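Beneath this line is the structure, given in structure tokens, with notes to follow.
Quick caveat: nothing in here was measured; it's all calculated off a predicted structure.
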Amino acid sequence: MSDYVEPAVDLGEAWLRTLELVHARGGRRVNVLTTITDPLAPEDPATRAAIDALLVPGPHKSGMIHSVQTVASTIFPQDLYQAPGVAWDPALPDEQTERLDQAADDLYAAYTGMLPLLCTADGNLRGTYFGRMVSWPGKKAGGYNQLAARVRFLRNEHRAGRRRHNLSDIAVGGEAEPPEDHTAALEDVGVQVYAPTDERQRGFPCLVHIDLTLLDGRLSMLAVYRHQYLVTKAYGNLVGLARLLSFLAQQTGFEVGELAVQATMADTQQGHFGGRKGIKALIDSARNKGG
């Protein structure tokens with residue numbers, strides 16, 4: 001049965017509410033929708049401290065553990081983006097527009113330059129999430145840059161005064177090839193999710209689809225995960241998605257809207273983290289109960 005998590009203002013509370021709901025209903029649920037109304041709102045320190053304390057990087061029976069920051073960087077490598085401190089606007093002076101464009105270009109170049117090395121790391125043999133966004137299908141430089149295409153499209157919408165539009169998705173999953181015509185209309189590209197030959201049941205990519213919607217001048221995002229690991233991955237995923245949404249909003253001059261995540265399977269991973277008692281202890285620590 002599908003589950004709807006009560007929307008939360010910040011991403012930490014949204015993660016915690018999702019963990020609580022799935023834990024209360026047995027540890028695994030299908031089609032769980034999590035919504036953050038203000039993805040850039042400050043996180044609760046107790047919640048972040050609880051998950052950070054648990055996710056000590058290194059080998060674990062659940063697999064290799066990565067920090068929240070490392071997981072977030074697979075979706076948006078914040079350290080490579082030197083935000084210029086100004087949002088795009090049709091009336092923005094040329095000099096400031098050039099600074100914005102250069103910051104984005106430097107991000108794309110820095111990441112794609114690292115991509116061959118990143119793809120040699122354990123777990124990255126099929127590419128990386130951000131690599132697929134900026135150089136589809138994501139294993140080397142020179143592929144189709146989906147983010148740059150969406151920035152151009154959204155800026156054109158902004159110039160034309162259009163504040164409502166449902167955009168095509170950002171392709172993440174599958175092994176599809178980039179579109180033959182990179183100059184095609186945005187609605188005609190980047191909609192591949194799975195190739196017919198992709199028969200993997202788990203593993204990369206768990207994130208398979210990112211949809212962007214513009215309504216009343218606010219840019220909102222929906223991300224679809226086929227398997228959302230609520231302890232080892234979900235918090236970092238939310239941080240990375242919020243940073244990606246912030247980047248797109250800054251580059252196009254729209255306000256940041258909602259961030260929603262649909263997990264076709266949400267998993268508390270209780271078998272790897274002390275059973276139900278272990279997950280309950282994590283929840284209590286995040287709620288700052290008893291200390």
Report summary line: Of Asn156, Asp89, Leu212, Leu154, the one forming a side-chain contact (heavy atoms from CB on, under 4.5 Å) with Thr252 is Leu154
Report task. For a salt bridge (charged side-chain N to carboxylate O under 4.0 Å, His left out) with Asp267, tell me which candidate from Lys233, Arg29, Arg28 qualifies. Result -> Arg28
Query raised in the report: Heavy-atom distance under 4.5 Å between the side chains of Leu259 and Leu11, does that happen here?
Result: no
Query raised in the report: Tyr229 and Ser62: side-chain donor and acceptor closer than 3.5 Å?
Result: no
Query - pair Thr213-Leu222: side-chain heavy atoms closer than 4.5 Å - result: no
Query - For Leu207 against Tyr129, the heavy-atom pair lying closest together - result: N-OH, 3.2 Å
Query raised in the report: Do you know which two heavy atoms are closest between Trp88 and Gln251, and how far apart they sit?
Result: CB-O, 3.2 Å
Report task. Verify whether one side chain among Ser135 and Thr112 offers a donor that lies under 3.5 Å from an acceptor in the other. Result -> no
Requested in this report: Output, in order, the C-alpha distance, side-chain angles, deciding distance and verdict of side chain to side chain contact (heavy atoms under 4.5 Å, CB included) for Leu100 and Gln96.
Outcome: CA-CA 6 Å; Leu100 267 172; Gln96 291 183 319; over 6 Å; no
Query raised in the report: Does one side chain, of Gln146 or Arg132, offer a donor that lies under 3.5 Å from an acceptor on the other?
Result: no
Query raised in the report: Going by the angle between their ring planes, with limits at 30° and 60°, are Phe76 and Phe247 parallel, tilted or perpendicular?
Result: tilted
Report summary line: Nearest heavy-atom approach of Pro116 to Gly113 is CD-O, 3.8 Å
Query raised in the report: Does some side-chain heavy atom of His66 sit less than 4.5 Å from a side-chain heavy atom of Thr74?
Result: no
Query raised in the report: Would Arg287 and Glu13 pass as an ion pair if we require N to O under 4.0 Å?
Result: yes
Query raised in the report: Does CG in Asp216 sit with more than 12 non-hydrogen atoms of other residues, nucleotides or ligands closer than 6.0 Å?
Result: yes
Report task. Mind listing the closest non-hydrogen atom pair of Leu245 and Gly257 along with its distance? Result -> CD2-O, 4.2 Å
Requested in this report: In sequence, state the C-alpha distance, the side-chain angles, and the governing distance for Asn237 and Gln228, and then conclude on side-chain hydrogen bond (donor to acceptor under 3.5 Å, both in side chains).
Outcome: CA-CA 9 Å; Asn237 289 339; Gln228 177 80 299; 2.9 Å; yes
**Report entry** Flag side-chain contact, heavy atom, 4.5 Å: Asn31 against Thr264
**Finding:** yes
